[in-house]
Amino acid sequence: MKNYLMTLKSYFLLLLCIPIVSCTTDIDDQIRPATTLELSEFIYRGLNYWSLYKSEVPALANDRFDSEQEKLDFLRGFDSPEETFEALIAPIDRFSILRSDYVELENALAGVRKSTGMRFSILEDPNNSNNRFGVVRYVINNSPAASAGVSRGMLFTAVNGVNLTAASDLNAIFAQDTFTINLASFDGTTLTPTGEAIALNNIELTINPVHTTSIIETSTKKIGYLHYTGFTNEFDPELNAAFSTFKAEGVEEFILDLRYNGGGSVETANDLCAMITGQFEGQLFAREQWNSKLQSSFDPGDLENKFVSSLADGSAINSLNLSKVYIITTRATASAS
C-alpha cells in the first residue's frame with residue numbers, strides 16, 4: 001500500500017508540473033496542457049521507477065530501448081495516456097490505477113468525496129441480459145441517501161425514469177448533481193417496479209469509516225461488531241474511541257466487517273490490529289516489498305512495520321488483547337484490508 005500511495009502521489013504531483021516547466025510564459029498568463037506523448041512518457045517513468053511488478057512487463061526493463069528516441073517512438077504508438085497505462089500494467093497488478101484529478105484522489109484517500117452516500121452495485125437482470133438493476137449495499141451515515149430513507153437491500157431498475165441497460169453510461173448517470181432512483185421488488189424470479197422513487201443529491205461528504213459498532217451478548221460472552229468502510233488515518237481517533245467502548249464493555253470476541261472496505265493506510269491497519277490484539281507490541285506486523293531495484297536501496301529495518309501501542313498523535317491504543325477475531329470479506333475487500 002505504501003508503494004501504491006507513493007506512486008499515485010508522485011504521479012499526480014509531477015503531472016501538474018509538466019505544463020509548468022514546458023511553458024514559455026508565466027503560469028498565470030497561460031497554461032499549456034501536456035501532450036499525449038508527454039503524459040505517456042510521464043506514466044512510463046513512474047511505472048519504470050515505482051512499479052512492484054516491473055519485472056513482469058518487458059517494456060519497463062531498463063535495457064528495453066537502445067535510445068531515448070526509440071522509447072519515444074514506442075510511446076507514440078499509443079493514442080491516449082489510458083492506453084499507455086493499460087499496456088504497461090502487469091496482468092497480476094490489480095491495484096494500480098490512473099486518475100486525472102490528483103486533488104480528488106487525495107481527498108478520497110482522506111475520506112472526502114462527492115457522493116449521495118448510497119453505496120450500491122449494478123447487476124444483470126436474471127431474466128434479461130440487456131437489463132441492469134442496482135442493489136444498495138449500505139448507506140453512509142449523515143448523508144443525503146440516509147436522510148432520504150435509502151436502506152441496505154433496496155433495489156432499483158431505473159434512474160430518472162429511464163431503465164438501466166447494458167448500454168447505460170453509469171458514470172455519467174450517477175455523477176449528476178441530482179437524480180432519482182426508481183425502486184423495484186424481487187420475488188425470487190422477477191424484478192417488478194414498485195412505482196416508488198427517491199430523489200438524491202451528490203454533495204461533498206466527509207466520511208467516517210467507523211460505520212456501525214455494536215455489542216452482541218450471548219449467554220456466555222460479549223462479542224464486538226465493527227462495520228469498517230476504509231482505512232482512513234484521519235479517523236484513527238474515532239476508531240480508537242470505538243475500541244474504548246468495546247474494552248469498557250468487556251468484549252471477549254470480535255467480528256470485523258470489511259465487506260466493502262477497499263483499503264487505505266497501512267499505518268491504520270497496524271493500529272486496528274493492535275486494538276484487536278495488543279499482545280504483540282514491538283513484534284513484526286508487516287514487511288514491505290518493493291521492486292528489486294528499490295528493495296536494495298532500503299535498509300532492511302526500514303521496511304519492517306512493528307506492532308504499536310499508540311496512535312501517530314501519541315494517544316494510547318485501546319487494546320482488547322483478544323485471541324480470536326472473525327473477519328467478513330467479499331471481492332470488494334482489498335489493499336490494506
Side-chain angles (χ1 to χ4, degrees), residues 1 111 117-121 135-143 145-147 149-154 205-286 305-337:
M1 186 62 194
M118 178 178 72
R119 290 287 186 259
F120 60 94
S121 295
V135 56
V136 180
R137 298 182 300 178
Y138 71 95
V139 178
I140 295 168
N141 298 326
N142 305 312
S143 67
S147 299
V150 178
S151 61
R152 173 175 165 79
M154 277 186 171
L205 292 175
T206 300
I207 304 168
N208 182 349
V210 184
H211 185 274
T212 304
T213 62
S214 63
I215 296 176
I216 304 164
E217 294 194 41
T218 71
S219 59
T220 59
K221 65 185 67 176
K222 291 184 177 182
I223 304 168
Y225 169 83
L226 168 65
H227 176 197
Y228 190 55
T229 62
F231 288 80
T232 312
N233 56 16
E234 285 81 357
F235 288 90
D236 285 357
E238 286 78 1
L239 181 62
N240 201 32
F243 275 83
S244 176
T245 300
F246 290 138
K247 186 174 182 179
E249 291 294 325
V251 164
E252 300 168 78
E253 292 185 5
F254 199 76
I255 300 171
L256 178 60
D257 189 345
L258 299 177
R259 282 176 289 180
Y260 311 114
N261 190 312
S265 166
V266 173
E267 179 183 1
T268 296
N270 190 338
D271 292 341
L272 174 59
C273 290
M275 292 172 195
I276 296 171
T277 60
Q279 308 97 308
F280 309 110
E281 182 182 355
Q283 295 184 42
L284 182 66
F285 168 71
N305 295 284
K306 304 294 182 66
F307 276 95
V308 295
S309 59
S310 61
L311 301 180
D313 64 6
S315 302
I317 285 178
N318 296 305
S319 298
L320 301 182
N321 296 295
L322 298 182
S323 58
K324 181 178 291 186
V325 60
Y326 301 90
I327 302 176
I328 310 174
T329 67
T330 65
R331 287 183 295 177
T333 308
S335 195
S337 296

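This is a predicted model, so every value here is computed, not measured.
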Could you label the plane-to-plane angle of the His227 and His211 rings as parallel, tilted or perpendicular, counting under 30° as parallel and over 60° as perpendicular?
->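 Taking His211 first and then His227, their aromatic rings sit tilted (interplane angle of 30° to 60°).
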To check you understand the geometry: which heavy-atom pair defines the closest contact between [X] and [Y], and what is its length?
| X | Y | value |
| --- | --- | --- |
| Ala332 | Arg137 | CB-NH1, 4.1 Å |
| Cys273 | Phe307 | CB-CE2, 3.9 Å |
| Phe243 | Leu226 | CE1-CD2, 4.0 Å |
| Val136 | Val139 | CG1-CG2, 4.0 Å |
| Thr268 | Leu239 | CG2-CD2, 4.4 Å |
| Ala242 | Thr213 | CB-CG2, 4.0 Å |

From [X] atom [atom1] to [Y] atom [atom2], the distance as rounded to the nearest 0.5 Å:
| X | Y | atom1 | atom2 | value |
| --- | --- | --- | --- | --- |
| Ser265 | Glu234 | OG | CD | 8.5 Å |
| Thr229 | Asn141 | OG1 | CG | 8.5 Å |
| Phe254 | Thr277 | CZ | OG1 | 11.5 Å |

Check step by step if side-chain contact (heavy atoms from CB on, under 4.5 Å) holds for Ile140 and Tyr138.
-> CA-CA 7 Å; Ile140 295 168; Tyr138 71 95; 4.2 Å; yes
Ser244 and Lys247: CA distance, side-chain angles, deciding distance, side-chain contact (heavy atoms from CB on, under 4.5 Å) verdict = CA-CA 5 Å; Ser244 176; Lys247 186 174 182 179; 5.7 Å; no
Please list all pairs passing the salt bridge (charged side-chain N to carboxylate O under 4.0 Å, His left out) test where one or both residues lie in residues 212-233, with sequence neighbours left out.
->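 For residues 212-233: Lys221-Glu253, Lys222-Glu249.
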Any salt bridge (charged side-chain N to carboxylate O under 4.0 Å, His left out) involving residues 258-274? Give me the pairs, sequence neighbours left out, ordered by first then second residue.
-> Asp257-Arg259
Thr333 and Ile327: CA distance, side-chain angles, deciding distance, side-chain contact (heavy atoms from CB on, under 4.5 Å) verdict = CA-CA 11 Å; Thr333 308; Ile327 302 176; over 6 Å; no
Sequence neighbours excluded - side-chain hydrogen bond (donor to acceptor under 3.5 Å, both in side chains) pairs with any residue from residues 312-325 = Asn240-Asn318, Asp313-Ser315
Tyr228 ring center within less than 6.0 Å of Phe235 ring center =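 Aromatic pair excluded; centres sit 6.0 Å or further apart.
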Ser337 side chain to Asn261 main-chain N or O, any donor-acceptor pair under 3.5 Å?
->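 Confirmed, Ser337 side chain pairs with Asn261 backbone.
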